Every structure is written in C-alpha cells, then in structure tokens.
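As the structure is a computational prediction, the values presented were derived from the model and not from experiment. So that the names make sense, note that chain A is the first sequence line, chain B the second, and so on, each numbered from 1.
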Number of protein chains: 2
Amino acid sequence: VVRTRSLSKDYHLGDTVVHALRGVTLDIHGAEFVAVMGASGSGKSTFVNILGCLDRPTRGSYELDGQDVSELTPNDRAVVRKTRIGFVFQGFNLLQRTTALENVEMPLHYARVPAKERRARATALLAAVGLADRAHHFPSQLSGGQQQRIAIARALVNKPTLILADEPTGNLDSRTSVEIIEILQRLSDEEGMTIVLITHEEDIARFAQRQVLFRDGRIKADRPVDRR
Amino acid sequence: VVRTRSLSKDYHLGDTVVHALRGVTLDIHGAEFVAVMGASGSGKSTFVNILGCLDRPTRGSYELDGQDVSELTPNDRAVVRKTRIGFVFQGFNLLQRTTALENVEMPLHYARVPAKERRARATALLAAVGLADRAHHFPSQLSGGQQQRIAIARALVNKPTLILADEPTGNLDSRTSVEIIEILQRLSDEEGMTIVLITHEEDIARFAQRQVLFRDGRIKADRPVDRR
Ligand SMILES: Nc1ncnc2c1ncn2[C@@H]1O[C@H](COP(=O)(O)OP(=O)(O)OP(=O)(O)O)[C@@H](O)[C@H]1O
Ligand SMILES: Nc1ncnc2c1ncn2[C@@H]1O[C@H](COP(=O)(O)OP(=O)(O)OP(=O)(O)O)[C@@H](O)[C@H]1O
Ligand SMILES: [Mg+2]
Ligand SMILES: [Mg+2]
C-alpha cells in the first residue's frame with residue numbers, strides 16, 4: 001500500500017535548516033497495523049503527513065497503491081486524501097462551528113454519499129466511540145478526550161483503506177484508549193484497513209503488529225510485536 | 001492554598017443539562033503535588049479551570065489563599081490569574097503569531113517585569129525544557145511535543161504559587177515526560193509551588209504525593225501516593 005524510498009524533509013527557518021526526515025525508506029503492506037514511535041521532534045508527524053498527501057518531501061519518492069503520488073495533480077492528490085485516507089490529527093482539527101455529528105459526516109460529503117446514508121454511518125460511529133448522546137454539541141462543549149473521539153469517528157466514517165492516527169489516545173484514559181484501539185485492531189483484522197498509528201504509549205503500541213522507531217529523522221528500528 | 005466546598009457546574013445545552021461537577025469538596029495545601037485522574041468527561045478540566053479563575057461554578061464556594069474568589073472583581077480575578085497561577089492547557093493555547101521565546105515571556109509582561117529580566121528568565125526556562133535552539137521559531141514550526149514544552153515553560157516563568165497542568169505530557173515521549181515532571185517535583189519540594197496536575201498516565205501520577213480520582217463530576221477517591 002505504502003512504499004517510500006529515501007524520503008527527506010528539510011525546513012528552512014531563516015539561517016537554520018531543520019532536517020525533519022533524513023532518508024526514510026519503508027514499506028507498509030495492506031491490512032498491516034504499524035505503530036510509529038520515537039522521541040519528541042524525531043520526525044513522526046512529518047513522515048505521516050507525507051503519507052497522507054498533506055505535505056511533500058524535499059527529496060525521495062512515495063508510492064501509494066503502486067502509484068507515484070508526486071505525479072498526481074494537486075486536485076488528484078486532494079481527492080486521494082479526502083476519499084481514501086482517514087486522519088486523526090495531533091490537535092484534533094475539528095470544525096468549531098459544526099456539531100459533532102456534522103464533523104463526523106464531513107468526509108462523506110467529499111465522497112458524495114447521499115444525506116440519509118451520511119447521517120446513518122456518522123450516527124453509528126458516534127455510538128461506537130461512546131458519544132451518541134452528544135451528537136448535536138459543538139467541539140467547544142466537549143472535553144478534550146471527547147473531541148479526540150469525534151476525530152477518530154471522523155477518520156473512520158468513509159471506510160478508508162489507510163488510517164493515519166497521530167497520538168489518537170493522548171487525551172484519553174486507559175480504558176477508553178483500549179476501546180478505541182480495539183476498534184482499530186478489528187478494522188485492520190476484519191476489514192483490511194491499513195493503520196499507521198503514532199503513539200508514545202507502550203501499552204497502546206502493543207496492539208500493533210509492528211513497531212517502527214524514529215530517531216532524529218531516521219528509522220532506527222523496525223520490529224514485529226510478539227503478541228497483542 | 002485551595003479550599004472548595006460543594007462546587008457544582010452545570011452546562012445548559014438546549015434541553016439538556018450536563019452536570020460536569022456535582023458537589024466537589026477539596027482542600028489542597030501549600031507545596032502539595034496533587035495528581036487529578038479520571039475517565040474522559042469526568043469533570044477534571046472543568047474543576048481545574050475553576051481553580052484557575054478561568055470559569056465560575058454554578059454553585060459552591062472557592063477560597064484561594066484564604067480569600068473567597070467570587071468576591072473579587074473581574075479585574076482582580078484577572079490579576080490573580082495572570083500573576084499567581086501558571087497554566088498548562090490541554091490544547092497548549094500558544095499565541096501563533098509570536099515566537100517560542102515571546103510566548104514564554106508573556107506572563108512576565110502582565111507582571112510588569114523589566115525587559116532584560118523577562119528575556120533572561122524565559123531563555124533559562126526554554127533551556128530547562130530542552131528548546132533553547134528553537135527560541136525564535138513560531139508554534140507552527142514546532143512539533144506537538146515541542147509546543148507542549150513551550151506551554152510548560154510559560155506556566156513556570158512567573159514563579160507562580162499554584163500551577164495547574166492539564167495533561168502536560170500527553171504528547172511527550174516517556175523520557176521527556178519524566179524530565180518535565182521531575183522539574184515540577186523539584187519546584188514543589190524546593191520552592192514550595194503547589195501543583196495540580198491532570199493526567200491519565202499512571203507512571204506520571206506516581207510522581208505526585210496525592211491522587212484524587214474523579215468520576216461523573218464527583219471525587220471518588222483521595223489517597224496519598226506510597227512512593228515516588
Ligand atoms: N463549555 C462546555 N459546554 C458544555 N459542556 C461542557 C463544556 N465543557 C465541558 N463540558 C462537559 O462537561 C463534562 C466534563 O468535561 P471536562 O472537560 O471537565 O472533562 P475531563 O474530565 O477534563 O475530560 P477529558 O479527560 O476528556 O479531558 C463533559 O461531559 C463535557 O462534555
Ligand atoms: N512546519 C514546520 N516548520 C519548521 N519546522 C518544523 C515544522 N514541522 C516540524 N518541524 C520540525 O521538524 C522536526 C520534526 O517534527 P515532527 O512534528 O515530525 O516531530 P514529531 O516526532 O511528530 O514530534 P512530537 O512527538 O513532539 O509530536 C522538529 O524539530 C520540528 O520542530
Ligand atoms: Mg508529532
Ligand atoms: Mg480535560
């Protein structure tokens with residue numbers, strides 16, 4: 001599904017260059033559940049944002065489903081991003097002026113799903129993350145962890161083949177975290193979704209099949225998880 | 001330092017009432033380090049926001065340093081908030097158009113500290129959280145964990161007597177988390193700061209002296225920590 005070869009990303013800040021990625025080569029296969037770990041500033045979000053076509057590498061190549069993503073037009077890249085990839089951002093990125101339910105429905109708008117089906121799928125997912133009773137509330141009326149769960153529901157609603165989740169459980173208590181990760185695990189096992197999950201929590205990383213460790217913009221370890 | 005009696009907070013949302021706090025009575029003494037824990041939506045941030053004079057209870061009373069906070073004028077409450085309390089918010093709340101250094105300096109502006117001293121104290125704290133080399137970068141140029149550490153530095157810069165930290169390590173790797181918490185522990189032990197820290201992480205909660213568990217808007221447990 002994902003094939004990167006020598007991805008590099010440099011940020012130029014005045015006289016300084018920050019080498020966020022330094023030649024990352026990685027293959028992720030369909031239906032895999034990969035945990036991405038590493039210290040703060042080691043390049044995890046930068047890498048995953050490139051996988052999600054939200055950003056472009058400075059150098060290197062990236063193929064998604066066998067297609068070189070850099071050869072797509074910006075419009076085609078936006079279509080890929082909106083219809084085939086689900087995101088859970090580190091900062092949630094919910095639309096503040098729309099309700100929880102409407103936030104979850106949003107990806108289905110881009111996929112031109114009919115209104116009735118949009119509503120049914122979004123409602124079912126809000127129930128799955130334990131927030132059916134808060135569907136008509138705005139993000140400002142929800143706790144941090146509740147907002148995070150809305151973001152997770154939104155990432156799943158258009159049944160993407162690739163889910164990119166950046167610290168999806170950072171604001172959740174252990175029990176809710178495990179419930180959410182079990183949802184992701186089930187989606188990977190039973191529906192063949194490919195999941196790339198950034199997490200600092202060892203307990204959460206154990207649910208994955210494979211752990212990739214970043215350090216200073218490079219991959220330092222790539223190992224299977226013994227049991228989950 | 002903190003004395004609450006039967007604090008309640010209700011949010012009215014159309015026909016629904018959310019009882020975020022249901023009669024919270026708690027005393028926190030000077031130089032104490034208290035970890036506040038509990039499930040998502042259990043009322044932790046609501047409670048801590050009231051302690052920080054960022055919000056008002058629906059019912060109940062709150063005394064800070066022996067003074068009933070509800071008898072203060074809004075201006076006096078703002079002075080208390082800006083000069084005596086340091087915050088680390090769940091969503092960081094950094095000013096996007098100011099640099100890391102200027103974000104950390106901000107509380108010293110309100111306290112009318114001279115420019116040279118502001119700069120010296122902010123610079124020292126950025127070094128303490130490992131970000132001296134990023135002082136002139138904007139929040140958008142920093143990773144999630146880096147932004148969180150800026151927020152922590154800002155909370156500490158005016159040497160507040162009360163620090164309220166809402167998930168200050170949610171986006172940090174274990175090693176950086178422990179370094180940050182050890183800074184807070186040292187401030188509590190050596191400089192008498194009172195610390196109230198919301199966290200879902202058991203490993204982090206063990207650094208506190210006392211753990212208060214919230215459930216459905218009430219305190220369900222209040223116990224000392226055996227060792228740290
Ligand atoms: N501004 C608001 N308007 C309406 N309801 C709110 C508001 N803020 C919080 N709530 C609700 O009050 C309850 C308690 O929220 P609070 O933010 O205190 O929870 P929390 O314990 O901090 O949760 P988390 O661990 O998810 O951050 C939740 O049900 C939440 O949705
Ligand atoms: N937009 C940007 N402009 C400039 N520098 C950036 C930008 N985004 C990230 N960086 C820098 O690139 C490096 C890698 O950042 P990245 O966000 O990938 O780290 P991370 O591993 O996700 O960290 P964290 O665990 O703190 O979220 C960091 O030094 C960061 O400051
Ligand atoms: Mg990140
Ligand atoms: Mg909260």
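Heavy atoms closer than 4.5 Å to chain B are found in both the backbone and the side chain of A:Q146. In this structure, chain B has a heavy atom under 4.5 Å from the side chain of A:S143, while its backbone stays farther away.
Residue with the most contacts toward chain B among A:I198, A:T199, A:L172: A:L172 (heavy-atom pairs, distance under 4.5 Å). Annotation: maximal heavy-atom pairing with chain A below 4.5 Å, among B:E167, B:Q148, B:H137, occurs at B:H137. In terms of heavy-atom pairs under 4.5 Å with chain B, the best-connected choice from A:G43, A:G130, A:G145 is A:G145. Between chain B and the residues A:G14, A:A39, A:G170, the most heavy-atom pairs under 4.5 angstrom are made by A:A39.
A:R186 and A:E182 are not joined by a salt bridge, as no carboxylate oxygen comes within less than 4.0 angstrom of a charged side-chain nitrogen. Salt bridge B:K9/B:D55: present, at least one basic N to carboxylate O contact under 4.0 Å. In this structure, B:R59 pairs ionically with B:D10, as a charged nitrogen and a carboxylate oxygen lie closer than 4.0 Å. Ion pairing between B:R210 and B:D222 holds under the 4.0 Å rule for side-chain N and carboxylate O.
Take A:T123 and apply the side chain to side chain contact (heavy atoms under 4.5 Å, CB included) test, not counting sequence neighbours, and it matches A:L101, A:R119.
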